[in-house]
Amino acid sequence: MAATASFRSLGSYLKRLSKPLIVGSMAIALSLGASPAWAGDPFRTSDPRSIGDQTEAAFRAMFEQGNYVEAGRLLESAEDDEPMAHAMVASLAYLEEDWDTMGSRATLTREAAEALVETDPLRGNLYMAVGHFMEGAHVIMTQGTLRGSPTALMKLQNVFSHINAAEAIDATDPELNLVKGFMDLMIAVNLPFADPEDAISRLENYAAPPYVAQRGIAVACRDLDDHGCATTAIDRAIAAAPNNPDLYYLKAQILVQQGDEAASLEFFDLALESRDNFPTALGNQIAWERCRTNNRVTDGNQNCDRLRR
């Protein structure tokens, strides 16, 4: 039951996060938005891994700059043996509801990670977990709960097994903690009786940079109706990546939830300034939410539904 609920909750949660959760979990760069001296590894200040310059550039375009179009272009020539590159392609396919590409890239994520285990067992196990999780999510999305549940349960068991293997190597690794923190948050927010505090603490204490870790905390706190926590977290994220329109969109949503709809319009507008860099569906969603909010603020009657077409 928990496995099925976990995978069923993935779709709605990823939409609210504005990009797939799993890939967001991989975004760690221990500088506050500045390019590190250790090219290719945006994750660590010591013991850097060879991740690849093209994959790193795509990561920064997507998560630091909120530029999905540029990220997609860079991923066309990203390193084929890097599982994170395949996972990022899968995430973009999810946003476009391209289930075939999402499924095939989820499998490539897992297969590239399997090859990586020999030389980097921590990252290999970590991305095998990511691959299994994405494959399980794909099964539920394409086959439905009834048909997909047995496979999803098996995949979730594999996720936990590989996460545990990675933790046994280095439980303090920042990349591992961000991935696990986001996974735990998704489950905690969407399943009754689950406690999100450990996941929030993991992101707060071990994950970086703030524009990723704090974003995840802000989404979780928003969904838990913890307004103070959500505001603090999103403000920290924006301070770290002030040119990321995704963060302004999330700030607008948090203000709406808090009842300060007039103030939210400024942040909707800031996000929409970069609409050309968003997938079409995401840009339309932001415009629709902005329109509905403006109608409530001004007692207007603009037809907002047309903006989602």
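In what follows, every heavy atom counts, from backbone to side chain, and hydrogens, waters and symmetry copies are set aside. Counting from 1, the numbers follow the sequence of the chain as shown.
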- Message: Could you go through L307 and N284, starting from their C-alpha distance and side-chain angles, then the distance that decides it, and tell me whether this counts as side chain to side chain contact (heavy atoms under 4.5 Å, CB included)?
- Response: CA-CA 6 Å; L307 300 174; N284 290 349; 5.9 Å; no
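- Among V89, L126, T55, the one residue that satisfies the side chain to side chain contact (heavy atoms under 4.5 Å, CB included) test with M84 is T55.
- Ion pair E204/R236 flagged as a salt bridge, since at least one NZ, NE, NH1 or NH2 atom sits closer than 4.0 Å to an Asp/Glu carboxylate oxygen.
- The two residues A106 and M134 have their closest heavy-atom pair at CB-CB, 3.7 Å.
- Using a 3.5 Å distance cut-off with no hydrogens or angles, the side chains of N177 and R202 do pair a donor with an acceptor.
- Interatomic distance, CG of L74 versus CD of E56, reported as 11.0 Å (0.5 Å rounding).
- Taken from CD in Q285 to OG1 in T280, the straight-line distance is 13.0 Å, to the nearest 0.5 Å.
- When the side chains of ILVMFWY residues are joined at heavy-atom separations under 4.5 Å, either directly or via intervening members, Y248 and L272 end up in a single hydrophobic cluster.
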- Could you walk me through whether L250 and V219 pass side chain to side chain contact (heavy atoms under 4.5 Å, CB included), step by step? CA-CA 8 Å; L250 180 54; V219 170; 3.7 Å; yes
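- How far CE of M154 is from CD of E135: 8.5 Å, rounded to the nearest 0.5 Å.
- Without hydrogens or angle criteria, Q65 side chain to P245 main chain gives no donor-acceptor distance under 3.5 Å.
- Residues Y68 and D246 bring a donor and an acceptor atom of their side chains to less than 3.5 Å of each other.
- The environment of N301 atom CG is sparse: at most 12 non-hydrogen atoms of other residues, nucleotides or ligands sit within 6.0 angstrom.
- Ring geometry for Y94 against W99 counts as perpendicular: the plane angle is over 60°, on a 0 to 90° scale with 30° as the lower cut.
- In the hydrophobic clustering of ILVMFWY residues, with side-chain heavy atoms under 4.5 Å counting as a link, L270 and L282 come out together.
- Counting non-hydrogen atoms of other residues, nucleotides and ligands closer than 6.0 Å to CZ of R275 gives a total above 12.
- Considering all non-hydrogen atoms of both residues, A129 and I163 come closest at CB-CG1, 3.7 Å.
- Comment: R123 engages E82 in a salt bridge, judged by a side-chain N to carboxylate O separation of less than 4.0 angstrom.
- Looking only at side-chain heavy atoms (C-beta outward), D276 and V69 stay at 4.5 Å or farther from each other.
- No single ILVMFWY cluster, assembled from side-chain heavy atoms under 4.5 Å apart, contains both L176 and V117.
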- Task: Decide yes or no on side chain to side chain contact (heavy atoms under 4.5 Å, CB included) for R49 and D120, but give the supporting numbers first.
- Result: CA-CA 8 Å; R49 270 44 169 206; D120 190 342; 2.9 Å; yes
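- At a cut-off of 3.5 Å, with distance as the only test, a side-chain donor of Q54 or S77 sits close to an acceptor on the other residue.
- Taking 4.5 Å as the limit, every side-chain heavy atom of H227 sits out of range of all side-chain heavy atoms of I254.
- To the nearest 0.5 angstrom, K180 atom NZ is 10.5 Å from L203 atom CG.
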- Please test Y127 against E175 for side-chain hydrogen bond (donor to acceptor under 3.5 Å, both in side chains), starting from the C-alpha separation and ending with a verdict. CA-CA 10 Å; Y127 283 92; E175 188 176 11; 2.5 Å; yes
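- By the rule that hydrophobic residues join a cluster once side-chain heavy atoms approach within less than 4.5 Å of another member, M128 and L178 end up as members of separate clusters.
- R222 and Q253 share a donor-acceptor pair across their side chains, judged by distance under 3.5 Å alone.
- A58 and A71 make their closest contact through O-CB, 3.6 Å (heavy atoms, listed as atom of the first residue, atom of the second, distance).
- One finds a salt bridge joining R73 and E70 here, because a Lys/Arg side-chain nitrogen approaches an Asp/Glu carboxylate oxygen to under 4.0 Å.
- Nearest heavy atom pair, residue D226 against residue C229, reads OD1-N, 3.2 Å.
- Looking only at distances, no side-chain donor or acceptor of S161 sits under 3.5 Å from a matching main-chain atom of N158.
- With contacts defined as side-chain heavy-atom distances shorter than 4.5 Å, the pair L116/P83 qualifies.
- Put simply, the side chain of I234 does not reach to within 4.5 Å of the side chain of Q214, judged on heavy atoms.
- For the pair Q157/H132, no side-chain contact is recorded, criterion being any heavy-atom separation below 4.5 Å from C-beta on.
- A heavy-atom distance below 4.5 Å is not found between the side chains of R292 and N295.
- At a threshold of 4.5 Å between side-chain heavy atoms, the hydrophobic network of Ile, Leu, Val, Met, Phe, Trp and Tyr places L95 and M141 in one connected group.
- Without hydrogens or angle criteria, R308 side chain to D305 main chain gives no donor-acceptor distance under 3.5 Å.
- Side-chain polar atoms of D225 and Q257 form a donor-acceptor pair below 3.5 angstrom.
- For L247 against A241, the heavy-atom pair with the smallest separation is CD1-O, 3.6 Å.
- Atoms CD1 and CZ, on I286 and F278 in that order, are 4.0 Å from each other to the nearest 0.5 Å.
- Counting heavy atoms from C-beta on, the side chains of V159 and M183 come closer than 4.5 Å.
- For the pair Y249/F268, a side-chain contact is recorded, criterion being any heavy-atom separation below 4.5 Å from C-beta on.
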- Message: One pair to check against side chain to side chain contact (heavy atoms under 4.5 Å, CB included): C221 and I200. What are the steps and the verdict?
- Response: CA-CA 9 Å; C221 292; I200 291 174; 4.3 Å; yes
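- Residues L122 and I169 share a closest heavy-atom pair of N-CD1, 3.5 Å.
- Here CD of E261 is found 10.5 Å from OG1 of T298. Values are rounded to the nearest 0.5 Å.
- Listed for the N244 side chain is no donor-acceptor partner under 3.5 Å among the backbone atoms of I238.
- Here the side chain of N294 pairs no donor or acceptor atom with the backbone of R290 at under 3.5 angstrom.
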